[in-house]
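Right, I'll just put the structure down here and ask away after.
All values below were derived from every heavy atom in this structure, side-chain atoms included, with hydrogens, water molecules and symmetry-related copies excluded. Within every chain, numbering begins at 1; the chains are lettered A, B, ... in the order of the sequence lines, protein sequences first and strands thereafter.
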Protein chains: 2
Amino acid sequence: MNATDKNLQQNFLNATAQVDPGATQPFTNSRKIYIEGSRPDIRVPFREISLSDTPSAFGAEKNPPVIVYDTSGPYTDPDVQIDIRNGLPALRAGWIAERGDTEQLDGPTSSYGLERLHDPKLADMRFNLHRKPLRAKAGRNVTQMHYARQGIITPEMEFIAIRENQRREGMSELLQTQHAGQHFGASIPEIITPEFVRDEVARGRAIIPANINHPEIEPMIIGRNFLVKINANIGNSAVSSSIGEEVEKMVWGTRWGGDTVMDLSTGKNIHETREWIIRNSPVPIGTVPIYQALEKVNGKAEDLTWEIFRDTLIEQAEQGVDYFTIHAGVRLQYIPMTARRMTGIVSRGGSIMAKWCLAHHKESFLYEHFEEICDIMKAYDVSFSLGDGLRPGSIYDANDEAQFAELRTLGELTRIAWKHDVQTMIEGPGHVPMHMIKENMDLQLEHCGEAPFYTLGPLTTDIAPGYDHITSGIGAAMIGWYGCAMLCYVTPKEHLGLPDKEDVRVGIVTYKIAAHAADLAKGHPGAQIRDNALSKARFEFRWEDQFNLGLDPEKAKEFHDETLPQEGAKQAHFCSMCGPHFCSMKITQDVREYANKLGVDEQAALSKGMQEKAIEFVKRGSEVYQKV
Amino acid sequence: MNATDKNLQQNFLNATAQVDPGATQPFTNSRKIYIEGSRPDIRVPFREISLSDTPSAFGAEKNPPVIVYDTSGPYTDPDVQIDIRNGLPALRAGWIAERGDTEQLDGPTSSYGLERLHDPKLADMRFNLHRKPLRAKAGRNVTQMHYARQGIITPEMEFIAIRENQRREGMSELLQTQHAGQHFGASIPEIITPEFVRDEVARGRAIIPANINHPEIEPMIIGRNFLVKINANIGNSAVSSSIGEEVEKMVWGTRWGGDTVMDLSTGKNIHETREWIIRNSPVPIGTVPIYQALEKVNGKAEDLTWEIFRDTLIEQAEQGVDYFTIHAGVRLQYIPMTARRMTGIVSRGGSIMAKWCLAHHKESFLYEHFEEICDIMKAYDVSFSLGDGLRPGSIYDANDEAQFAELRTLGELTRIAWKHDVQTMIEGPGHVPMHMIKENMDLQLEHCGEAPFYTLGPLTTDIAPGYDHITSGIGAAMIGWYGCAMLCYVTPKEHLGLPDKEDVRVGIVTYKIAAHAADLAKGHPGAQIRDNALSKARFEFRWEDQFNLGLDPEKAKEFHDETLPQEGAKQAHFCSMCGPHFCSMKITQDVREYANKLGVDEQAALSKGMQEKAIEFVKRGSEVYQKV
């Protein structure tokens, strides 16, 4: 290593011991709270948003705080001092240890992991991990699915049950009121119990990505009967980015609501980058191991071997990757089906495997060695994310034979994974026009036995480069409603370039919208509380509450202040749309006062929307009103 | 008028004689073309996007230009010199005159129009219109619906037929290939003929907003069997904006694809602002006349009278407003139904009328005088946009009794309007979770006899202020698919402030996405051409073509160049996602070469995606490949 390189690396370490305060400061009027489970080491984090009182003009009442799901980990807890050189606290370490089914290794067992560990040139770049990797004891299976099938409720499952319920029992009846959903055959209970979590994991309908070597995560679940989740991608590439930027992006991504983060790095030092990310990540980390395997053979797909791939899986499993995208469904026989496509094979993993298969005229080594892969997965509890290597890359190619042939194979592989009690989800498209989205969801449920579906978008049109977070957000909301469990975000830079922090924020917020719109449409219990609380704040001109209850309080405040920057305007009972002289919200107050003059019976009938009665009331109200 | 005011106005006129070149310069590689109809004065504008040749690596072929619908009017035609002080050419003037059913008035016949015309203080601000307003001769009806019902195909109808087809017959079979849609009972023909346009207008299933006093427009149509349209709102308000800004916003809005523009001004000088906008607008202009009527009574809703409202309708009809939002469905008896809502009455027009009804304990004067309103509409061919004054302002209030009671009344009013041959569309919500959107569309079709639906969003969740273009873009795409004819855009500033130019651009592009995604899902003939052309360009690494075929070429290029600014990168056969060493698109080329080695029969079977055959091919292909 030359002096300049060393200097750069030292700068990196000094600069990033603390994460950018802009990525970690709590949102205005929000604080981190923890709800304790059945034992003191189950402490489930939430964000509590304090609200102001309803102004007297609207009936002066206290508004209790609203609790929301919080993916940001300890970063937004001012009581926790974080130094990313040390990583996050290993909150699951005790849970993993007490199960007594793991053994501590002397160090990495992969060739590549050992090589990197003993390379003196990497000393300054390496994360200073004192902990040794864990692996299942011989003959043991350490997956959450395995425990679930034994009837064991793990602390992870209890943690998740508390997390999913979002303590909504404390909210008023008004805020808890919501529309009946349309769930297309989902089975969402009123209250998520630890036993329900266990049962869903046991039957394969949900997964808990939680590698035993990633004890830092706050457990979360992916399944159609839980809140819809989103994934944010980060990753350097051959042309740009540094380790420090990627760690920052991960923290930034969880701030805005990323439930999991995929590290898709393809450039230099990806082993070291990954270590830094995992050690500092409160959310599960996914990867596509074939990317790194390809780096190891200098980008020549035909030089890939099962042995190199296997070593990569072990290398990454021992670092703590929680789920692997594996394109084992790209079978030799499906490849010619893509020849007549408009955009061929657009999945990187899919095209790597296609190239390998064609070069060797052989069946994919991922498919052939699938049971051996399962053996690795269950030794660390890495979940499968079975990749859709033949997903369509254009509207033209949507729902074609190549895509669905692969999907059927993913179903076959799911059943093999389940035989090994390996947690499995299925990746999905891609580019699909709206009316062809539901077929994707229905076929996935059918072929893959309700294993969670995890889709990229889908993009509902190809004509808006620069806005593909929106073309895909539309499809994401719809497929979430139809039953998709996790939505992989798309940023405005999709197809054009690498996202910067602002793109990541916009992509995540767009996908939080899609996921939440899906929860509302499915009728997920409690989903409407935040909408109700925000609408109530909006109606009562509680501007600050309206900002703070939103997915991006900072943006909302900034937009408001562009038109009405004065501090007083945030107490104003009007807004820039109508101005101070006329306000439609104010008129509704008149309607309410009018209705309040009616008797109790009339009010009850009114609330049921009885039209005939309403006519009577108007007459009677008129008399009341005239008397007043 | 004091010196400062006068100075300001003079500045305005000097400054805006020409529109900002950024809003009018043609997009890169695009040019304005006109297709002539059956007579030389029917010249239908399109944007023609030139494409580069397919690089030799991908099979070197010519790519014919792609024609797209163009709303930007003469502004993007370098052959037309525009001075906004003179307004646009009156391209429909001859068509209107030759029908012989209108008379030229001596001047405005409304009291307010006369008052403004004769106010010397306004001289410098007034648009210098030399033309006199037109009105139907006594006893005549000048609506496009009236002509249609007489069996007359107007030049406007022929213009529209040419415009809707987008000359797609010139495109290759590949580009014309598209998925069968799901249209939910729409009746979209393969080719739009003038006779089809006439028939749709005659039966009320489509409208052509085209006031005889707005001869400057390029005719367009709104109906479920045509391309889905979008509306962009502009308008100053009590707290900000100037005339010049509003004209600029209108031009800007049509540049990005606004099919109609609503002028929602509520501030000073709205009469004069409107005149400037209409004279310079190539697209239909809509207004909400009750806003101006309210200004005339100093914001006191209870002081409104039928006479003031009537005078306002005539004032605006004689200026050339193409459609009026009229909230005649807010009946007295429905008002109490809103008392228990989370957010009451959020429509400004709805709340004005509610306040009037409550103050007077009387039925709405709009409802009571509806036939008289029809008489005004048909004298100028102003179309109704029957306002949804009781639309829900929150997810909580979606699809409630107040909303649907009003919708039934809008159906009743539609039948009255049709009795007078007055063109009518119906406005819709608002805030509606995804699973409750279709009910809105279905009930609208049922109650309003398939009159075109024109919806605001709907917003599918309330929790993302600052991103409501996206929360609503999701709902807009869905309702467009279900049959909605026009989508009213929402900008990122919705609920927070007034949109600036960048917000208008983002709002419009978002809604163009929604409208186009809907066209694709409905299977609108030719809708997929642009997707196919862009996907082909993407696959072939024709970067510039990819940008230029997109809805926002400037943004796409800007995003690409942020990561790879070098000019050479736009000729590169890789992108920033994978980098130069590995490229999934490249691998597909290998697959194609492989498939090309197969015989003709095999290729034919392949394109049908026959799996068993594919296996054989792989075996055979393997031999071929090895031989080569």
Go through D397(B), T177(B), T510(B), D519(B) and name the one with the most non-hydrogen pairs under 4.5 angstrom from chain A.
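With the most close heavy-atom pairs to chain A, the winner is T177(B).
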
Which of the residues A398(B), A354(B), A533(B), C357(B) is involved in the greatest number of heavy-atom pairs with chain A at under 4.5 angstrom?
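Most pairs with chain A among the choices: A398(B).
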
Please classify the contact between P492(A) and chain B as side chain, backbone, both or neither, with a heavy-atom cut-off of under 4.5 Å.
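Contact with chain B is through both the backbone and side chain of P492(A).
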
If I compare all heavy atoms of P465(A) with all of G550(B), which pair ends up nearest, and what's the gap?
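The pair with the smallest heavy-atom distance is CD-CA, 4.0 Å.
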
Determine yes or no for a side-chain-to-main-chain donor-acceptor pair under 3.5 angstrom, with H179(A) supplying the side chain and I395(B) the backbone.
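Side chain of H179(A) to backbone of I395(B), a donor-acceptor pair under 3.5 Å: yes, one is there.
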
Non-neighbouring partners of N399(B) that pass side chain to side chain donor-acceptor pair (under 3.5 Å), sequence neighbours left out
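Once residues adjacent in sequence are excluded, the partners of N399(B) under the side chain to side chain donor-acceptor pair (under 3.5 Å) criterion are E439(B), N440(B).
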
Which heavy atom of D462(B) sits nearest a heavy atom of S535(A), and at what distance?
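Where D462(B) meets S535(A) most closely, the heavy atoms are OD2-OG, 2.8 Å.
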
How close do L520(A) and P433(B) get, counting heavy atoms only, and between which atoms?
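Heavy-atom minimum between the residues: CB-CB, 4.4 Å.
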
Quick check on A402(A) against chain B: is it the side chain, the backbone, both or neither that has a heavy atom closer than 4.5 Å?
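Neither part, no heavy atoms under 4.5 Å.
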
Please examine the side chains of D552(B) and Y467(A), heavy atoms only from C-beta on, and report whether any two atoms are closer than 4.5 Å.
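Heavy-atom side-chain distance check passes, below 4.5 Å.
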
Segment of A476(B) engaging chain A (4.5 angstrom heavy-atom cut-off):
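The answer is neither part of A476(B).
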
Of the backbone (N, CA, C, O) and the side chain (C-beta and beyond), which part of L534(B) lies under 4.5 Å from a heavy atom of chain A, both, or neither?
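When you check distances to chain A, only side chain atoms of L534(B) fall under 4.5 Å.
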
Just to verify, what does Q182(B) make a side chain to side chain donor-acceptor pair (under 3.5 Å) with, not counting sequence neighbours?
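If we apply the side chain to side chain donor-acceptor pair (under 3.5 Å) test to Q182(B), skipping adjacent residues, there are no hits.
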
Would you mind telling me which of M436(A), H431(A), H469(A), R331(A) has the largest number of heavy-atom pairs within less than 4.5 Å of chain B?
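With the most close heavy-atom pairs to chain B, the winner is M436(A).
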
I'd like to verify something: which residue of H516(A), E558(A), K536(A) has the highest number of heavy-atom pairs under 4.5 Å with chain B?
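The residue among H516(A), E558(A), K536(A) with the greatest pair count is H516(A).
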
Strictly by modelled atom types, are Y396(A) and D531(B) linked by a side-chain donor-acceptor pair under 3.5 Å?
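Checked: Y396(A)/D531(B) side chains show no N/O donor-acceptor pair below 3.5 Å.
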
Would you check if L496(A) and E562(B) make a side-chain contact, meaning some heavy-atom pair closer than 4.5 Å?
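In short, these two side chains do not touch, never coming nearer than 4.5 Å.
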
Between L174(B) and M342(A), is there a side-chain heavy-atom distance shorter than 4.5 Å?
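Sidechains of L174(B) and M342(A): in contact.
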
Drop me the distance from R530(B)'s CZ to T461(A)'s OG1, to the nearest 0.5 angstrom.
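That separation rounds to 8.5 Å.
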
Any donor-acceptor pair under 3.5 Å linking the side chain of H560(B) with the backbone of G466(A)?
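Not at all, since once roles are kept as given, no pair shorter than 3.5 Å links the two residues.
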
Find the one option among K300(A), R341(A), Q178(A), Q528(A) whose heavy-atom pairs under 4.5 Å with chain B are most numerous.
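Between K300(A), R341(A), Q178(A), Q528(A), the count favours Q528(A).
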
Check each atom of D400(A) against the heavy atoms of chain B and say whether the ones under 4.5 Å are side chain, backbone, both or neither.
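Contact with chain B involves no heavy atom of D400(A) at all.
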
How far apart are the closest heavy atoms of A477(B) and M434(A), and which atoms are they?
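For A477(B) and M434(A), the tightest heavy-atom pair comes out as O-CE, 3.1 Å.
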
Return the option, out of V506(B), T471(B), L459(B), L551(B), with the maximum number of heavy-atom pairs under 4.5 Å with chain A.
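Among the listed options, the one with the most contacts to chain A is L551(B).
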
Rounded to the nearest 0.5 Å, what's the gap from OG1 on T460(B) to CD1 on I513(A)? Could you check?
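If I round to the nearest 0.5 Å, the distance is 7.5 Å.
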
Q546(B) backbone acceptor or donor facing H495(A) side chain under 3.5 Å
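No, H495(A) side chain to Q546(B) backbone: no donor-acceptor pair under 3.5 Å.
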
Using 0.5 Å steps for rounding, measure from the CZ atom of F559(A) to the CD atom of E494(B).
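So the CZ of F559(A) and the CD of E494(B) are separated by 12.5 Å.
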
With a 4.5 angstrom heavy-atom cut-off, could you sort out which part of M478(B) is near chain A: side chain, backbone, both or neither?
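Both backbone and side chain of M478(B) come within 4.5 Å of chain A.
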
